[in-house]
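Right, one structure below, let's go through it.
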Amino acid sequence: VGFYSSQGSGFCSPCVGSTVADEPGSVKCKQCPSGQVASEDKTQCITCSSGTFRENNSCSNCTMGFYQNEAGKDKCKACPKGFYCPNERMEEPKPCDRGMYCPETEMKISYSCSDIGKVNNVTGRFECDSCNTGQIPDPFGYECEACQAGEYAEKDAISCLKCDLGTYNDEVFGLANCKNCPKGSY
């Protein structure tokens, strides 16, 4: 078992690669099916587990950016948009958290919405939402917050700016720019 002998030959040869001889007196080795590899002693085929795939004659871990949720496969699946795979041997992709986004497939990390002046209040998103003018994302990138009186923010700004001398903003909900002070005031 684990060896074969060609008909008429008096010599036994070991099975190689992903082939096995599972019966005494085998005249040839059998190829393991897709997604399976030969055991070390070449007597049985072993199914590659989820999180791995068959590569040459062994089960290899899925690399970061990929996952495999089924056993016995020859390749891993790319993490879809809105998800990321930060570790090797992932069985399921992780949805991007609130305040984060994953804009491409094969993502290894997620990106912060607030870093680009935007927000996201749900998981599994591949894009973020813009704040209105006069608003900025909260520190976590979950929701938009209005600039205070005396401040302004353009669309997709990451922070509110103070009004310049000679300008003002008396709006509670913020503006995209400040108003000029009337003549005779500052």
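Residues: numbered from 1 along the sequence shown. Owing to the predicted nature of the structure, the values given are computational and were not obtained by experimental measurement.
- The line from NZ of K118 to SG of C128 is 7.0 Å long, rounded to the nearest 0.5 Å.
- Residues forming a side chain to side chain donor-acceptor pair (under 3.5 Å) with N177 (at least two apart in sequence, or on another chain): none.
- Counting heavy atoms from C-beta outward, C131 and V119 have side chains that approach closer than 4.5 Å.
- The CG atom of N169 lies 5.0 Å from the SG atom of C163; values are rounded to the nearest 0.5 Å.
- Side-chain contact between T19 and K28 is absent, with no heavy-atom pair separated by less than 4.5 Å.
- Scored by the salt bridge (charged side-chain N to carboxylate O under 4.0 Å, His left out) test, D164 finds no partners at all (sequence neighbours excluded).
- Under the rule for a side chain to side chain donor-acceptor pair (under 3.5 Å), the partners of S114 that lie at least two apart in sequence or sit in another chain are S112.
- The shortest distance between side-chain heavy atoms of Y168 and C181 falls below 4.5 Å.
- The SG atom of C45 sits 8.0 Å away from atom CZ of R54, with the distance rounded to the nearest 0.5 Å.
- M90 belongs to a hydrophobic cluster whose other members, connected by ILVMFWY side-chain contacts under 4.5 Å either directly or through intermediates, are Y67.
- Residues that satisfy the side chain to side chain donor-acceptor pair (under 3.5 Å) test with D129, not counting sequence neighbours, are R125.
- Looking at heavy atoms from C-beta onward, C32 lies out of side-chain contact with V37 at the 4.5 angstrom threshold.
- Rounding to the nearest 0.5 angstrom, the gap separating the CE atom in M107 from the SG atom in C102 is 5.0 Å.
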Show every donor-acceptor pair shorter than 3.5 Å between a side-chain atom in residues 56-66 and any protein atom, with sequence neighbours excluded, or say none if there are none.
from, atom 1, to, atom 2, distance (Å)
N57, OD1, S18, N, 3.2
N57, OD1, S18, OG, 3.4
S60, OG, E55, OE1, 2.8

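- Among pairs with a residue in residues 99-139, those fulfilling ring pair (Phe, Tyr, Trp, His ring centres under 6.0 Å) read Y101-Y111, at least two apart in sequence or across chains.
- Scored by the side chain to side chain donor-acceptor pair (under 3.5 Å) test, K30 finds D22 as partners (sequence neighbours excluded).
- Applying the 6.0 Å contact sphere to NZ of K75 captures no more than 12 heavy atoms from other residues, nucleotides or ligands.
- Applying the ring pair (Phe, Tyr, Trp, His ring centres under 6.0 Å) criterion to Y142, with sequence neighbours excluded, gives F140.
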Just distance, no hydrogens or angles: give the donor-acceptor pairs under 3.5 Å from side chains in residues 153-160, sequence neighbours left out.
from, atom 1, to, atom 2, distance (Å)
D156, OD1, S130, OG, 2.9

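- Shown here are the salt bridge (charged side-chain N to carboxylate O under 4.0 Å, His left out) partners of K77, two or more places apart in sequence or in another chain: E70.
- K73 NZ: 12 or fewer foreign heavy atoms inside a 6.0 Å radius.
- Under the side chain to side chain donor-acceptor pair (under 3.5 Å) criterion, the residue pairs touching residues 89-100 are S49-R89, S50-E91, R98-N121, with sequence neighbours excluded.
- Q135 and C144 make their closest contact through OE1-CB, 3.5 Å (heavy atoms, listed as atom of the first residue, atom of the second, distance).
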